[in-house]
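Predicted, not measured: the structure shown is a model, and the values here were computed from it.
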Amino acid sequence: FPAPTSAAPAPDRRVPRDRLVRRVLTSGGMNEAITFGFIEAQAARAFLSEANAGGIISLANPLSAKFSTLRPSLLPGLVDAIAHNRRHGRRDVALFEIGARFSTVTGETRGVALAWTGAPAAEHWSCASREVDFFDVKGVVEHLCGVLGASVRFETATRPFLVAGQTASVFVGGMALGVTGLVAPALAEERGVPRQDNVFVAELNLDALPGPRPDAADRVRSLPRYPFVVRDLSLIVSDTLPAEIIRGTIQAAGDKGPAPLVGVSFFDRYTGKGEADTVSLAVHLTFQAQDRTLTDAEVQQSVDTILAALVEAHGAIRR
């Protein structure tokens, strides 16, 4: 056989990233959906932000009005898939999709989106039933980005198709990566979802997410040889201050202390007697070094550094 005249094509780096995203979401109990790339113009406009309202691409010769527009977002198809499942008796539906979006503003981009309604996990007699909420979807986004090596932050946002107060923009560094929130009930009902259902969604720009590091999925780290130290911190802060901002301040200050901060978790929130417009928060701070056993003095110095940063940045009071 003659030798090939051209070099083999370079491997598509999106493939391992897509595979890893798919593995993370399916392992979390979500099912993959594949929806049409052509949608109706009304659905395309309904799920656009005001900044991208003029970016719709219409087909010159559509097969029908239901397929007249290239989708600018994956969300219309996923919400319609939620409605389809609800009409066929499925109460708990968690779907995701990886695919292309099209806009005259950004061109063709690849995204990953999810839509979730019903219970966050299979019901069991030992647990009280509850409905999925904003923090379930936020947690999925955080976990997915963390697996891909991206540290994300959330900022309160508004979108015409999402409920105010339950909507957040997702950022990696200074770059807007996507949005997450609760679909407006009127819009969900218009797409065929029962009025009483809450549908939480998220959509991220997959092109802006880093690809998996070599062998990231198979990398194994040995168990720590040195013990961790946990300190609890009780604070009084403004009740309008988002926990995400407080967490960011703690983590930034923790990087400056002699004891490495490896974990921050909120375990109590109290409002009641006390100053108006304030809330009491309790935080677990976990410190651990990979090369030595931490001393009480090192841990205390790190706690003092974190507390000073909270006082300076947010006027926090230690309780």
Heavy-atom closest pair, residues Ala46 and Leu187: CB-CD1, 3.7 Å
Has Arg269 got a side-chain atom pairing as donor or acceptor with Ser280's backbone, closer than 3.5 angstrom? no
Above 12 or not: heavy atoms from other molecules or residues under 6.0 Å from CZ of Phe135? no
N/O donor-acceptor pair under 3.5 Å between Thr69 side chain and Arg71 backbone: no
Check this for me: does any side-chain nitrogen of one of Glu142 and Arg153 sit under 4.0 Å from a carboxylate oxygen of the other? no
Roughly how far, to the nearest 0.5 Å, is the OG1 atom of Thr305 from the CG atom of Asp255? 11.5 Å
Applying a strict under-4.5 Å side-chain criterion to I, L, V, M, F, W and Y, I'd like to know whether Phe266 and Val237 cluster together. yes
If we ignore angles and hydrogens, is there a donor and acceptor under 3.5 Å between the side chains of Thr35 and Glu97? yes
Please check: side-chain N/O of Ser302 versus main-chain N/O of Ala259, any donor-acceptor pairing under 3.5 Å? yes
Verify, without hydrogens or angle tests, whether Arg23 (side chain) and Ser27 (backbone) share a donor-acceptor contact under 3.5 angstrom. no
Same cluster for Phe161 and Ile82 if Ile/Leu/Val/Met/Phe/Trp/Tyr side chains link at under 4.5 Å? yes
With no hydrogens and no angle check, is any side-chain donor or acceptor of Arg319 less than 3.5 Å from a backbone partner on Ala282? no
Taking CD in Glu312 as the centre, count heavy atoms belonging to other residues, nucleotides or ligands within less than 6.0 Å. Is the count above 12? no
Shortest non-hydrogen contact between Ala168 and Phe134, atoms and distance: CB-CZ, 3.8 Å
Tell me whether Ile245 shares a hydrophobic cluster with Leu261, the cluster being built from Ile, Leu, Val, Met, Phe, Trp, Tyr side chains joined at under 4.5 Å. yes
Which pair of heavy atoms, one from Gly118 and one from Asp92, lies closest together, and at what distance? CA-OD1, 3.4 Å
Quick one, Leu114 and Phe200 - any side-chain contact, counting heavy atoms below 4.5 Å? no
So, Glu203 side chain and Leu74 main chain: donor-acceptor pair closer than 3.5 Å or not? yes
Check for me, please, whether Phe47 and Val93 land in the same ILVMFWY cluster - side-chain distances under 4.5 Å, paths through other members count. yes
Is there side-chain contact between Val141 and Leu204, with at least one heavy-atom pair below 4.5 Å? yes
Are Arg191 and Glu40 close enough for a salt bridge, meaning some N to O gap below 4.0 Å? yes
Applying side-chain hydrogen bond (donor to acceptor under 3.5 Å, both in side chains) to His314 and Thr249, what does each step give before you reach the verdict? CA-CA 9 Å; His314 310 303; Thr249 302; 2.7 Å; yes
Apply side-chain contact (heavy atoms from CB on, under 4.5 Å) to residues Leu63 and Phe38 and explain how you reach the verdict. CA-CA 10 Å; Leu63 294 174; Phe38 302 132; over 6 Å; no
Could you give the distance from CZ (Phe228) to OG1 (Thr286), rounded to the nearest 0.5 Å? 7.0 Å
Working to the nearest 0.5 Å, report the span between NE2 of His284 and CG of Asp268. 9.5 Å
Would you check if the side chain of Glu298 reaches a backbone N or O of Thr295 as a donor-acceptor pair within less than 3.5 Å? yes
So, does Thr117 use its side chain to make a donor-acceptor pair with the main chain of Asn198 at under 3.5 Å? yes
Answer whether the closest heavy-atom distance between the side chains of Val170 and Val179 falls below 4.5 Å. no
Donor-acceptor contact present, side-chain Thr180 to main-chain Val201, <3.5 Å: yes
Heavy atoms, side chains only, cut-off 4.5 Å: are Pro185 and Val163 in contact? yes
Are Arg101 and Ser73 close enough, and set up right, to give a side-chain hydrogen bond (donor to acceptor under 3.5 Å, both in side chains), and what steps lead you there? CA-CA 5 Å; Arg101 299 90 50 87; Ser73 166; 5.8 Å; no
Taking OH in Tyr226 as the centre, count heavy atoms belonging to other residues, nucleotides or ligands within less than 6.0 Å. Is the count above 12? yes
Using only atom types and a distance under 3.5 Å, with no angle test, would you say the side chain of Asn205 pairs donor to acceptor with the backbone of Leu177? no
Interatomic distance, Arg247 atom CZ to Gln251 atom CD [nearest 0.5 angstrom]: 6.0 Å
Less than 4.0 Å between a side-chain N and a carboxylate O, is that true for Lys138 and Glu244? yes
Is there a path of hydrophobic side-chain contacts, each under 4.5 Å between heavy atoms of I, L, V, M, F, W or Y residues, that connects Val137 with Leu148? yes
Identify the two heavy atoms, one from Ser68 and one from Ala65, that lie closest to each other, and give their separation to 0.1 Å. OG-O, 3.3 Å
Check: Asp136 and Arg130 side chains under 4.5 Å, non-hydrogen atoms: yes
Ile246 side chain reached by Leu241 side chain, heavy atoms, under 4.5 Å: yes
Spacing of Leu95 atom CG and Asp80 atom CG [to the nearest 0.5 Å]: 11.5 Å
Worked check of side-chain contact (heavy atoms from CB on, under 4.5 Å) between Thr26 and Phe96: CA-CA 9 Å; Thr26 53; Phe96 75 91; 3.6 Å; yes
Contact summary for Val21 and Ile98, nearest pair of heavy atoms: CG1-CD1, 3.9 Å
Quick one, Glu190 with Gln42, criterion side-chain contact (heavy atoms from CB on, under 4.5 Å). Give me CA distance, side-chain angles, the key distance, then yes/no. CA-CA 11 Å; Glu190 181 182 322; Gln42 180 182 353; 2.7 Å; yes
If we check side chain to side chain contact (heavy atoms under 4.5 Å, CB included) with Leu235, which of these qualifies: Val311, Leu307, Val279, Ile317? Leu307
Closest approach of Ile306 to Gly254 (non-hydrogen atoms, all atoms of both residues): CG1-N, 3.9 Å
Between Gln300 and Asp304, do the side chains contain a donor N or O and an acceptor N or O under 3.5 Å apart? yes
Taking the side chain as C-beta and beyond, is there a heavy-atom pair between Leu25 and Asn31 under 4.5 Å? no
Do you see a donor-acceptor pair shorter than 3.5 Å between the side chains of Arg159 and Thr167? no
Contact between Phe267 and Asp232 at the side-chain level, heavy atoms closer than 4.5 Å - yes or no? yes
Could you please spell out the steps behind the side-chain contact (heavy atoms from CB on, under 4.5 Å) verdict for Val152 and Cys145? CA-CA 7 Å; Val152 298; Cys145 293; 3.4 Å; yes
Evaluate the ring planes of Phe36 and Phe67, with Trp represented by its six-membered ring, and classify them as parallel (under 30°), tilted (30 to 60°) or perpendicular (over 60°). perpendicular
Exactly one candidate in Val299, Val262, Ile250, Val230 meets side chain to side chain contact (heavy atoms under 4.5 Å, CB included) with Leu285; the answer is Ile250
Can you tell me how far apart CD1 (Ile34) and CD (Glu32) are? Round to the nearest 0.5 Å. 5.5 Å
Could you tell me whether Arg225 and Asp291 have a side-chain N and a carboxylate O separated by less than 4.0 Å? no
